Amino acid sequence: MNAFIRATTITFFIVALSMAPSLNESRLVYAQPHDQSPHHRRPADVRQYLEHLDRAERDTDQQPDKVVEALNLKPGLSVADIGAGSGYFTRRFIRAVTEKGKVYAIDIEPDMLQYEKDTIARMPVPSTVEFILAQPDNPRLPPQSVDLIFLCNVYHHLDHRSAYFSNVQLALKPGGRIAIIDFYH
C-alpha cells in the first residue's frame with residue numbers, strides 16, 4: 001500500500017472553512033500571464049497583497065495561536081510552510097520549534113520570499129529557516145526532512161493535487177503530518 005495513503009504514516013488535518021474571508025477578494029487585482037494556470041495567479045501588486053496577508057484582522061479571523069497550539073509543535077521539530085507568502089505562519093512556527101528546530105518557508109513567488117527573508121531577519125529570536133523558491137508542481141523539499149507540512153489557503157491553488165502530494169509526501173519523516181487550512185473548497 002502506498003505510504004502516502006496509510007493513516008498510520010500521515011495524519012491529515014483539513015479545515016475547510018465555509019465562511020468567506022474577511023477581505024473581499026475582488027479588491028485584489030491579479031496579473032494572469034497566458035501560460036500560467038488560473039490557480040497560480042500572481043498579484044498585480046505584490047506589496048499590497050503582502051500587506052493584506054499581514055493585516056491585524058487576520059489574527060481574529062484565523063486565530064493563529066490556536067492553530068499553532070492545535071498542531072502541537074515542539075522545540076526541535078521541522079516544519080514546512082508551503083505557500084508561506086508574507087511569513088504570517090512561518091514566524092509563529094519559528095517561535096514554536098525554536099532554534100533547535102527548522103522551518104522551511106516555501107513559495108513560488110520570489111518577491112514574497114524576499115519579503116519574508118527581510119521580515120524574519122528582524123525577528124528577535126534565533127531561528128533556523130531555509131527559504132525555498134518552489135515550482136507550482138513541486139515544493140522542492142529534501143526527502144524525509146519535515147515533521148509537519150502546513151498549507152494555509154494554498155490547497156485551492158494547486159492544479160494536480162494528487163501529483164503534488166505525491167511529491168510532498170516524500171519530504172515527510174516517518175510519522176510526519178500534513179495540515180491543510182483553506183477557506184475555499
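Quick caveat, the model's predicted, so the values are computed rather than measured. Excluded from the calculations below are hydrogen atoms, water molecules and symmetry mates; all remaining heavy atoms, backbone and side chain alike, are included.
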Fill in: Distance-minimising heavy-atom pair for D182 and V154
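Scanning both residues, the minimum pair turns out to be OD2-N, 3.6 Å.
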Fill in: Atom of L172, atom of R177 and distance for their closest heavy-atom approach
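Shortest heavy-atom contact: CD2-O, 3.5 Å.
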Considering only heavy atoms from C-beta outward, does the side chain of [X] approach that of [Y] to under 4.5 Å?
{"X": "Y88", "Y": "D81", "answer": "no"}
{"X": "L148", "Y": "L77", "answer": "no"}
{"X": "P139", "Y": "N167", "answer": "yes"}
{"X": "I178", "Y": "V168", "answer": "yes"}
{"X": "I132", "Y": "L141", "answer": "yes"}
{"X": "Y164", "Y": "P136", "answer": "no"}

Practice prompt. Verify the distance criterion only: is there a donor paired with an acceptor across the side chains of E116 and S86 at less than 3.5 Å?
Written response: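 E116 vs S86: no donor-acceptor pair found between side chains.
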Fill in: side-chain contact (heavy atoms from CB on, under 4.5 Å) involving D118 - partner list, sequence neighbours excluded
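By the side-chain contact (heavy atoms from CB on, under 4.5 Å) rule, D118 matches Q114, R122.
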For the pair [X] (side chain) and [Y] (backbone), establish whether a donor and an acceptor sit closer than 3.5 Å, ignoring hydrogens and angles.
{"X": "R161", "Y": "Y155", "answer": "yes"}
{"X": "S78", "Y": "S145", "answer": "yes"}
{"X": "D107", "Y": "M112", "answer": "no"}

Practice prompt. Enumerate the residue pairs fulfilling salt bridge (charged side-chain N to carboxylate O under 4.0 Å, His left out) with a member in residues 93-104, sequence neighbours excluded, ordered by first and then second residue.
Written response: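 Applying salt bridge (charged side-chain N to carboxylate O under 4.0 Å, His left out) to every pair that reaches into residues 93-104, excluding sequence neighbours, yields K102-E130.
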Discussion item. Apply side chain to side chain contact (heavy atoms under 4.5 Å, CB included) to residues F89 and V67 and explain how you reach the verdict.
Written reply: CA-CA 9 Å; F89 275 103; V67 169; 3.8 Å; yes
Worksheet item: Can you name the residues that form a side-chain hydrogen bond (donor to acceptor under 3.5 Å, both in side chains) with D65, not counting sequence neighbours?
Response: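 Partners of D65 under the side-chain hydrogen bond (donor to acceptor under 3.5 Å, both in side chains) test: none.
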